[in-house]
Amino acid sequence: MKKLSFAVLSVMMALSFTFSAAPMPAGAAGAKVKTYANCKEINKVYAGGIARSSKAKNKGGKTKYKPFVSQALYDANSKSDRDKDNIACER
């Protein structure tokens, strides 16, 4: 009975890894990242701004909102990061 249980669990784990590592759909991989004209437009969609990584620290002091983390989106809108702390348009 133990061998059967072990075999079933092994197969289930193998299947879960197979499905979780499935490739992204073709449309999502080549999706274009939106570029915003200014911080007002960014803050309409992302109230806390856009952070390059989750480890980015705000230089400007305490903020009201948590920034959305996306390296590709930050890179496309890095011109809006005036204090160069890897968070664009934080508030």
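Other residues sharing a hydrophobic cluster with Tyr65 under the 4.5 Å side-chain heavy-atom criterion for ILVMFWY residues do not exist; the residue is a singleton.
Applying the side-chain hydrogen bond (donor to acceptor under 3.5 Å, both in side chains) rule to pairs touching residues 79-91 yields Tyr74-Asp81, sequence neighbours excluded.
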Requested in this report: Apply side chain to side chain contact (heavy atoms under 4.5 Å, CB included) to the pair Val45 and Tyr36, showing each step before the final yes or no.
Outcome: CA-CA 10 Å; Val45 181; Tyr36 296 92; 3.9 Å; yes
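Asn58 CG to Thr63 OG1: the interatomic distance, rounded to the nearest 0.5 Å, is 5.5 Å.
The side chain to side chain donor-acceptor pair (under 3.5 Å) check on Asp75 picks up Arg52, with sequence neighbours excluded.
Scanning all heavy atoms of the two residues, the minimum distance from Ile87 to Ala56 falls at CG1-CB, 3.8 Å.
Val33 is connected to Tyr46 through a chain of hydrophobic side-chain contacts under 4.5 Å among Ile, Leu, Val, Met, Phe, Trp and Tyr, so both are in one cluster.
Side-chain contact between Asn77 and Ile42 is present, with at least one heavy-atom pair separated by less than 4.5 Å.
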